Amino acid sequence: RDVAEVLMRSAAKVNSNDPDWWTNSAGVQHNYKFGAGLVNAGAAVALATNWINLAPLNTVRTMETNLSISIPDNNQSGITRTFTISNVGFRVERVALTVTAPHQCYGDLAITLVSPSGTQSRLAENHTSSGPGYEGWTLTKVRHWGEQAKGTWTVHIADLAPSKTGTLEALDVLIQGSSPRAFLSGMVGSGGQYLTLRAAAPGWTYLLETSADLRSWGPLRMLKLDLHGRALFVDMNLADHARFYRARLLQ
């Protein structure tokens, strides 16, 4: 998992003008034709040198069964289903959508998954394959790698060819990922307080807050974790009394 993310984040774009390139909310780039791009061994080694290992793998799952929803024939609008994930601070790696949608010609169907941040994954496109299908088929993607799972996920299914029909019976969304812990440390140096925020969540943004009494907290600075999962800030406004800090994940 760590190697996979290091390779993705250090890869070089192939044909950078291709319209399929997309950078998700966690800063991971992806293309349906080229994946994350061309492996860059030197950049991968440099990134791995200071890499913060991912937290233990976990899963989040939600499903709908016994739907019996007819999929409109030859209709781009299709049908849409939504799933709400409530897990705060759960970081996506791989997403698997298991579809049970018996259809007389499965090549007619286009299936898209959209994350809460708006990243779209084309899981299936209209093509020439014929015959029945989508009886518990599992479709996977890494296009959402690094994003926060919390929020509303959307599944869109459309029949894009005439004459053959199908029915949506069930959807099962399985998200593999982890719940990274953030560590905030500080050291008084020349002219200020030097703060370091670390978490195995490159691309995530935290709000740095401060307090004089541990009761009333006020915003100080938004910190976005870099490719190594670190963010630095120097607080030059030190008071004579104690000054406390905390970092809160922005969702």
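For clarity, every value in this text was computed on a predicted model and none was experimentally measured.
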Taking all heavy atoms of Asn53 and all of Ala200, pick out the closest pair and write down the distance. O-CB, 3.3 Å

Residues Arg9 and Glu5 bridged, charged N to O under 4.0 Å: yes

Nearest heavy-atom contact between Ala36 and Gln29 is O-NE2, 3.3 Å

Just by distance, do the side chain of Thr119 and the backbone of Ser115 share a donor-acceptor pair under 3.5 Å? no

When Asp159, Asp108, Leu109, Asn74 are each screened for side chain to side chain contact (heavy atoms under 4.5 Å, CB included) with Lys164, the one that passes is Asp108

So, taking the atom named CG in Asp20 and the one named CG in Asn31, what distance separates them when rounded to the nearest 0.5 Å? 5.0 Å

Would you mind reporting whether Ser178 and Glu93 have side-chain heavy atoms less than 4.5 Å apart? yes

Student check: side-chain heavy atoms of Arg1 and Val3 closer than 4.5 Å: no

Taking everything shown except Gln76 itself, do over 12 heavy atoms lie less than 6.0 Å from its CD? no

Find out whether the Lys NZ or Arg CZ of Arg248 is both under 6.0 angstrom from the six-membered ring centre of Tyr206 and within 45° of the ring's axis. no

Heavy-atom pair of closest approach, residues Leu54 and Asp2: N-OD1, 2.8 Å

Looking only at atom types and distance, does a side-chain atom of Ser25 sit under 3.5 Å from a main-chain N or O of Ser117, one as donor and one as acceptor? no

Test item: Ser211 side-chain N/O and Asp213 main-chain N/O as donor-acceptor pair under 3.5 Å: yes

Donor-acceptor contacts under 3.5 Å from residues 214-232 side chains, at least two apart:
| from | atom 1 | to | atom 2 | distance (Å) |
| --- | --- | --- | --- | --- |
| Asp226 | OD1 | His228 | N | 2.9 |
| Asp226 | OD1 | Gly229 | N | 3.1 |
| Asp226 | OD1 | Arg230 | N | 2.9 |
| Arg230 | NH1 | Asn50 | O | 2.8 |

Given 3.5 Å as the limit, does a donor-acceptor pair link the side chain of Glu147 with the main chain of Pro116, or not? no

Gap between atom CZ of Arg91 and atom NE2 of His144 - 0.5 Å precision: 14.0 Å

Exceeds 12 heavy-atom contacts within 6.0 angstrom, atom CZ of Arg181: no

Tyr106 ring center near Trp137 ring center (under 6.0 Å): yes

Tell me if a side-chain donor or acceptor on Asn87 pairs with a main-chain N or O of Phe90 at a distance below 3.5 Å. no

If you take all heavy atoms of Ser129 and Cys105, which pair is closest and at what distance? O-SG, 3.5 Å

Pair Thr59-Gln176, side chain to side chain donor-acceptor pair (under 3.5 Å): steps then yes or no: CA-CA 5 Å; Thr59 59; Gln176 290 184 322; over 6 Å; no

Interatomic distance, NE2@His156 vs OG@Ser77, rounded to 0.5 Å, equals 6.5 Å

Assess the residue pair Ile111 and Leu97 against the criterion (side-chain contact (heavy atoms from CB on, under 4.5 Å)); give the C-alpha distance rounded to whole Å, side-chain angles, the decisive distance to 0.1 Å, and a yes or no. CA-CA 10 Å; Ile111 304 173; Leu97 176 68; 4.0 Å; yes

What distance separates Thr98 OG1 from Tyr134 OH, expressed to the nearest 0.5 Å? 12.5 Å

Positive for side chain to side chain contact (heavy atoms under 4.5 Å, CB included) with Lys150, one of Val88, Leu249, Val92, Val60: Val88

Trp21: which other cluster members, linking ILVMFWY side chains closer than 4.5 Å, directly or transitively? Val14, Phe34, Leu38

Under 3.5 Å, is there a donor-acceptor pair between the side chain of Asn24 and the main chain of Arg143? yes

Closer than 3.5 angstrom, by distance alone: can the side chain of Asn126 be matched with the main-chain N or O of Ala110 as a donor-acceptor pair? no

Salt-bridge present (Asp18, Lys33; N to O < 4.0 Å): yes

Can you tell me how far the CG atom of Leu113 sits from the CZ atom of Arg81, to the nearest 0.5 Å? 14.5 Å

Kindly compute the distance separating OG1 (Thr112) from CG (Leu123), expressed to the nearest 0.5 Å. 7.0 Å

Donor-acceptor pair, side chain of Trp153 and main chain of Ala149, under 3.5 angstrom: yes

Is there a donor-acceptor contact under 3.5 Å from the side chain of Glu169 to the main chain of Ala101? no

pair Thr167-Ile71: side-chain heavy atoms closer than 4.5 Å: no

Looking at Tyr245 and Leu184, would you say the former's side chain and the latter's main chain have a donor-acceptor pair under 3.5 Å? no

